[in-house]
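For reference, the structure discussed in these notes is given below.
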Amino acid sequence: MSVRTLPLLFLNLGGEMLYILDQRLRAQNIPGDKAHKVLNDIISTMFNRKFMEELFKPQELYSKKALRTVYDRLAHASIMRLNQASMDKLYDLMTMAFKYQVLLCPRPKDVLLVTFNHLDTIKGFIQDSPTILHQVEETFQQLTETYGGLSAGEFQLIRQTLLSFFQDLHIRVSIFLKDRVQNSNGRFVLPVSGPVPWGTEVPGLIRMFNNKGKEVKKVEFKHGGHYVTAPKEGSFELCGDRVLKLGTNMYSINRPVETHMSGASKNLASRTQESIVPNPLAKEELNLLARLMGGMEIKKASGPEPGFRLNLFTTDEEEEQAALTRPEELSYEVINIQATQDQQRHEELARIMGEFEVTEQPRPSTSKGDDLLAMMDEL
């Protein structure tokens, strides 16, 4: 497994999260100033310099539950609140979108172009915030320095690590189903048409060489697809034509997006339910997670500005039903760390948790919204 995978995983999933939140903020007619504040706060937190320094250190990937914890805190870095069911749906959409992009990358190296597509769109969200824009451009520079000199083999290892992370996720997404790029069992359909990877030829010809390296024979065969030569290589510069469209905002056109558990996912979840016996690797992972989160500055709410609840479902009833029907094994609200049991061992994690507490916004007692996801409260 590659120890250079975490930055790409985090940035691409974060980009998909911002796409989805932007779409839902518009769909729910949230006032422009509030929507702008939410995206600015989340992007500023996501690209915090100290956080990026920790993120880019060579390290193994975290488990899905640990990584989900980071995104939960990130999504609540502003005045917006998500209930458990909406946060589950948000994470499902994020992970399935990036899984699709990794699967369809023509070359392993193109996962970097996918990342640049996400950063390009994120820059569009913050054009009027030069300080945050500078943070994003610094991250772009870090990506170029870290991945610019890697070999094709190293990128292949990164891609393999990403696919291993997504291996057991087969959640059906309405956009993918309608576009016929996903089957009813949650598995993606790989195309047999379009441009081939840059630097390669259209399949259909076999060349044979003798022991001196001289071509002695050609044999043509039917490949059954409709491939064309790639017009040009995507740009890896700060600004340029990426050519590849994977990683761009598929929610720019307003349309409802639903997620459904496939039968295979439910069965798999029941077979792979995590044991309640402490994992000997959990301590080390949580130490890494504590260090990573220590660089993530969460801005506390200031002033009397009221918060609001964002619903990723069409109605509150759909959200409630989703919370009831989601298999318990697929809930990510399961990280239990008694940070106060060993004061010396978990002092740093406890300090970080204290910084993550978000001031609760005043709300009517009849409202079921504005609830903080309880995941970090159980740490």
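A quick note: this is a predicted structure, and the numbers were derived from the prediction, not measured. Basis for what follows: all heavy atoms, side chains included, without hydrogens, waters or symmetry-related copies.
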d(E138 CD, L143 CG) to nearest 0.5 Å is 12.0 Å
Pairwise distance CG(N117) to OG1(T248) - rounded to 0.5 angstrom:
6.0 Å
Is there a path of hydrophobic side-chain contacts, each under 4.5 Å between heavy atoms, that joins Y147 and L163?
yes
Only one of L13, V111, V102 passes side chain to side chain contact (heavy atoms under 4.5 Å, CB included) with L8, and that residue is V111
Quick check on side chain to side chain contact (heavy atoms under 4.5 Å, CB included): which of I175, I171, V173 does L93 satisfy it with?
V173
Give a yes or no on whether the ring-centroid distance for Y19 and H118 is below 6.0 angstrom.
yes
Decide, yes or no, whether a salt bridge links E54 with R49 under the criterion of side-chain N to carboxylate O below 4.0 Å.
no
So F10 and V70, side chain to side chain contact (heavy atoms under 4.5 Å, CB included) or not? Walk me through it.
CA-CA 9 Å; F10 175 81; V70 177; 3.9 Å; yes
Please tell me whether F165 and Y62 form a close aromatic pair, meaning their ring centres lie under 6.0 Å apart.
no
Applying side chain to side chain contact (heavy atoms under 4.5 Å, CB included), run through F47 and L133 and close with a yes or a no.
CA-CA 9 Å; F47 289 92; L133 187 61; over 6 Å; no
Residues N40 and S129: side-chain donor-acceptor under 3.5 angstrom
yes
So, taking the atom named CG in D88 and the one named CG in N83, what distance separates them when rounded to the nearest 0.5 Å?
10.5 Å
Give me the atom names and distance for the closest heavy-atom approach of D120 to L238.
OD1-O, 4.0 Å
Grouping I, L, V, M, F, W and Y whenever their side-chain heavy atoms are under 4.5 Å apart, do V228 and F221 come out in a common cluster?
no
Is there a donor-acceptor contact under 3.5 Å from the side chain of Q141 to the main chain of E137?
no
Can F236 and T144 be said to form a side chain to side chain contact (heavy atoms under 4.5 Å, CB included), step by step?
CA-CA 8 Å; F236 290 89; T144 303; over 6 Å; no
Evaluate the criterion side chain to side chain donor-acceptor pair (under 3.5 Å) for residue pair N12 and T115; output intermediate values, then yes/no.
CA-CA 6 Å; N12 284 288; T115 310; 2.8 Å; yes
Please confirm whether the backbone N or O of N185 pairs with a side-chain atom of N183, one donor and one acceptor, at under 3.5 Å?
no
Expected output: side-chain Q101 to main-chain V114 donor-acceptor under 3.5 Å
no
E201, CD: over 12 other non-hydrogen atoms inside 6.0 angstrom:
no
With side chain to side chain contact (heavy atoms under 4.5 Å, CB included) as the criterion, how do H76 and Y71 come out once you've worked through the C-alpha distance, each side chain's angles and the decisive distance to 0.1 Å?
CA-CA 8 Å; H76 292 92; Y71 286 109; over 6 Å; no
What pair of heavy atoms forms the shortest contact from R172 to S184, and how long is it?
CD-O, 2.8 Å
Please report the interatomic distance CG(L112) to SG(C105), rounded to the nearest 0.5 Å.
10.0 Å
Could E233 and R107 be called an ion pair, given the rule that one side-chain N must be under 4.0 Å from one carboxylate O?
yes
Got a donor-acceptor contact below 3.5 angstrom from the K99 side chain to the F166 backbone?
yes
Remaining members of hydrophobic cluster (4.5 Å side-chain criterion), V202
V192, V196, Y227
Take atom CD in E237; do more than 12 heavy atoms of anything else shown fall under 6.0 Å from it?
no
Heavy atoms only: give me the nearest A230-P195 pair and the separation to one decimal.
CA-CB, 4.0 Å
Considering only NZ, NE, NH1 and NH2 on the basic side and carboxylate oxygens on the acidic side, decide whether K64 and D168 come within less than 4.0 Å.
no
Measuring from atom CD1 of I126 to atom NE2 of H36, what distance do you get when rounded to the nearest 0.5 angstrom?
9.5 Å
I43 side, atom CD1; S78 side, atom OG - distance, nearest 0.5 Å
11.0 Å
Give the minimum heavy-atom separation between L177 and Q182, together with the two atoms involved.
CD2-O, 3.4 Å
Please determine whether a side-chain nitrogen of the Lys or Arg among D33 and K37 lies less than 4.0 Å from a carboxylate oxygen of the Asp or Glu.
no
Between the side chains of R159 and D110, is the shortest nitrogen-to-carboxylate-oxygen separation below 4.0 Å, so that they form an ion pair?
no
Side-chain donor-acceptor pair under 3.5 Å between Q142 and E53, yes or no?
no
Hey, is the main chain of D41 close enough, under 3.5 Å, to the side chain of S44 for a donor-acceptor pair?
no
Please report the shortest heavy-atom distance between E154 and S151, naming the atom on each side.
OE1-N, 2.8 Å
So Y100 and F176, would you call those rings parallel, tilted or perpendicular, with 30° and 60° as cut-offs?
tilted
Work out which heavy atom in I42 is nearest to a heavy atom in A75; give both atom names and the distance.
CD1-O, 4.0 Å
Counting heavy atoms not belonging to E220, are there more than 12 under 6.0 Å from its CD?
no
